[in-house]
Amino acid sequence: MNSQSSRIKNSIPSVLVIAGFDPSGGAGLLADCKTIHANGGYAATVMSSLTIQNTQGVKSSNPIDANLFNAQLETLAEDIDFDAIKIGMLATQEQVEIVANFLMVKAHIPSVLDPVLVSSSGRPLLEACAHSSFVETLLPNATLLTPNLLEINTLLSLAKPPASFDETTLEANITALQRLRTQNILVKGGHSEKTLAEDFLFADVQSQPTVERFSAPRLSVTHNHGTGCTLASAIAVNLAKGQDLIAAISAAKSYLTQALQTADANQPNYQTLPAGKKRHGSVNHLLNHFLN
Ligand code: PLP
């Protein structure tokens with residue numbers, strides 16, 4: 001008998017999430033699940049690393065062994081017919097290779113790759129020896145790459161020959177971005193100094209490159225941990241619903257804006273912060289859907 005799935009009517013759009021576990025709930029798998037659920041999707045997860053962290057920073061990252069990682073992936077993939085794939089933190093070269101092969105096999109499913117190489121607090125999350133394999137094997141197999149300005153420059157310096165990203169000359173940018181061999185790239189300007197948070201979608205980079213700009217007000221928010229995970233998961237669930245890339249990104253950005261706008265007012269009770277420490281909690285993923 002054919003093992004292909006028979007689509008059921010009114011099924012929930014489903015996203016396979018491959019990422020690290022941040023027990024504090026701000027980033028990684030928990031952030032991804034909350035985002036996908038808040039946007040009407042179903043999430044299943046593959047854990048790449050158990051990180052030990054709280055809102056004050058990452059204490060350690062403990063990669064999941066390649067066999068266990070692969071077993072999670074295969075077991076879910078033989079059961080659920082996913083509508084989209086979201087990839088966040090990967091920890092090891094073996095994991096990069098497993099995911100690259102998986103994306104090749106599942107090329108018909110839209111995938112969003114958030115290139116989390118280093119945490120915002122500066123801790124390396126993907127082992128350095130896996131960087132070139134990340135660029136060479138993973139990037140060409142993702143539908144959409146979602147780097148911030150820092151990440152795009154890191155990726156471009158890893159590509160051969162290296163290039164750097166310059167916001168002012170779009171055509172030169174496309175030539176540089178083509179070296180990454182990804183189909184579509186959303187460069188997030190959230191870390192630049194401008195008054196607007198502007199993201200640029202370079203679509204169809206390899207054949208008919210076009211550039212689309214997405215603007216949102218720049219918000220001054222303390223609790224902004226996991227913003228990249230949240231945006232990428234929101235895009236993935238929108239793609240799972242069948243939206244095109246531009247609609248999916250637009251809706252994801254407005255969801256993230258709301259989650260950021262309400263973040264500082266929706267935090268748990270914290271212990272007193274030790275002197276000299278800073279805290280970055282979770283954005284408000286559920287947008288108070290469940291408050292009474
Ligand atoms: N994913 C996981 C599992 C993480 O632990 C982190 C950072 O600690 C991230 C993603 C990236 O999140 P951020 O960019 O807010 O540091």
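Just follow the structure's listing: the first ligand is 1, and inside any ligand the first atom is 1. Numbering starts at 1 and runs along the sequence shown. Here the structure is a predicted model, which is why all the values come from computation and not from measurement.
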_Are there over 12 heavy-atom neighbours, none belonging to Glu94, within less than 6.0 Å of that residue's CD?_
no
*Name all residues meeting the side chain to side chain contact (heavy atoms under 4.5 Å, CB included) criterion together with Glu97; count only those two or more places apart in sequence or in a different chain, and write none if there are none.*
Gln93, Ser133
*Around ligand 1, what residues show up once you keep those with a heavy atom under 4.0 Å from it?*
Gly20, Ala27, Gly28, Thr51, Gln53, Val58, Met89, Val116, Ser119, Ser120, Leu125, His225, Gly226, Cys229
*Which heavy-atom pair separates Asn184 from Asp204 by the least distance, and what is that distance?*
OD1-N, 2.7 Å
*Using side chain to side chain donor-acceptor pair (under 3.5 Å) as the criterion, list what pairs up with Asn284, not counting sequence neighbours.*
Thr262, Asn288
_Check: Thr51 side chain, Phe21 main-chain N or O, donor-acceptor pair, under 3.5 Å_ = yes
*So which pairs with a foot in residues 273-282 pass side chain to side chain donor-acceptor pair (under 3.5 Å), sequence neighbours left out?*
Thr55-Arg279, Ser282-His285
